[in-house]
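Down below is the structure, laid out as structure tokens.
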Amino acid sequence: MFTLQRIETSTQEIKKSRFLAIAGPIDDEQSAKAFLVAHSDPTANHNCWAWRIGQTYRFNDDGEPSGTAGKPILAAIDGQSLDRVAAVVTRWFGGVLLGSGGLVRAYGGTAALCLRGAEKIELVETLRATIACDFADLALIKARLAARGVTIASESFTDTGAVLAIGLPKDAADATRALVSDLSRGRAILSIEDRTPFSYYMSP
């Protein structure tokens, strides 16, 4: 899955109606709502929108016929394998009716045009874990973890070593555990705190 690097825009004029798509990355439902408020134009005829965060999604036709605006915008998001993304498509009516099929193509197409040209970054599901290791192994383990895309959230010390609280890509959990064991000759212990992904790591 991917998200957007930054806010993107795209415009189209279709049978005298002007359509403006604005899409951007979001972190949660609250930020999705804030994005929609910030990028809707109260002077326009319609501000139709959709957003997705994992399995949670919402869409709205804002007065257009049911199913002709919000759902096609969501389909454009899903069609680009995007997550944690919101999109608003604003319409200024030009006096020519587009019909249901025309509206679907206009809203979905304007959103897709915006999203296709956007710079994207990969999202990777992340697990919480801890590593308990001796001082002798600490520097090497930290260096190798960084090279594997593991983030260190905190570090605390004991009499003999350190405990690292980390976030690691879900699909690399078993390989990371084996790596930590190999680097420390079995002395360091990696423990998964929760198998439920808690966030997404954005790969470079």
For [X], all residues meeting side-chain hydrogen bond (donor to acceptor under 3.5 Å, both in side chains), sequence neighbours excluded:
X	result
K142	E155
D134	none
R187	D137

Any pair counted as salt bridge (Lys or Arg N to Asp or Glu O under 4.0 Å), so long as it reaches residues 30-42, sequence neighbours left out: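 Residue pairs with at least one partner in residues 30-42: E29-K33.
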Determine whether [X] and [Y] fall in the same hydrophobic cluster, where Ile, Leu, Val, Met, Phe, Trp and Tyr are linked whenever their side-chain heavy atoms lie under 4.5 Å apart.
X	Y	result
F135	L164	yes
I131	I192	yes
I152	L127	yes
V88	L20	yes

Partners passing ring-ring contact (aromatic ring centres under 6.0 Å, His included) against H39 (at least two apart in sequence or in another chain):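 For H39 the ring-ring contact (aromatic ring centres under 6.0 Å, His included) partners, ignoring immediate neighbours, are F35.
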According to side-chain contact (heavy atoms from CB on, under 4.5 Å), who are the partners of [X], at least two apart in sequence or on a separate chain?
X	answer
R116	Q80, A112, L113
L140	R144, L183
R6	E8, E119
A162	L138, F157

Name of the residue among I166, I189, L145 meeting side chain to side chain contact (heavy atoms under 4.5 Å, CB included) with V180: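 Single side chain to side chain contact (heavy atoms under 4.5 Å, CB included) partner of V180 among I166, I189, L145: L145.
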K71 atom NZ, neighbour heavy-atom count above 12 within 6.0 Å: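 No, because the 6.0 Å sphere around NZ of K71 holds 12 heavy atoms or fewer from other groups.
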What distance separates [X] [atom1] from [Y] [atom2], expressed to the nearest 0.5 Å?
X	Y	atom1	atom2	value
T126	K170	OG1	NZ	10.5 Å
T90	I22	OG1	CD1	6.0 Å
C114	F19	SG	CZ	14.5 Å
L179	L168	CG	CG	11.0 Å
R177	L190	CZ	CG	5.5 Å
I26	T3	CD1	OG1	7.5 Å

Any side-chain to backbone donor/acceptor pair from [X] onto [Y]? Under 3.5 Å, distance only.
X	Y	value
T151	G167	yes
S40	V37	no
K120	A118	yes
S184	D182	no
S191	T130	no
S17	G94	yes

Can you tell if the side chain of [X] reaches within under 4.5 Å of the side chain of [Y], non-hydrogen atoms only?
X	Y	answer
K15	L98	yes
L115	L4	yes
F2	V85	no
L74	W51	no

Residues that D78 engages under salt bridge (charged side-chain N to carboxylate O under 4.0 Å, His left out), provided they are two or more places apart: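 Testing D78 for salt bridge (charged side-chain N to carboxylate O under 4.0 Å, His left out), a comparison that skips the adjacent residues, returns R52.
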Considering all heavy atoms, the nearest I77-A50 contact: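 Scanning both residues, the minimum pair turns out to be CD1-O, 3.7 Å.
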Closest heavy-atom pair and its distance - A188, I141: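 Closest heavy-atom pair between A188 and I141: CB-CD1, 3.9 Å.
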With a 3.5 Å cut-off and sequence neighbours excluded, list the donor-acceptor pairs that the side chains of residues 54-64 form with protein atoms.
from	atom 1	to	atom 2	distance (Å)
N60	OD1	D62	N	2.6
D61	OD1	A69	N	3.2
D61	OD1	G70	N	2.8
D61	OD2	G67	N	3.0
D62	OD2	N47	N	2.5
E64	OE2	R91	NH1	2.9
E64	OE2	Y107	OH	2.6

Connected hydrophobic set around V163, excluding itself, where side chains approach under 4.5 Å: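 Joined to V163, directly or through intermediates: none.
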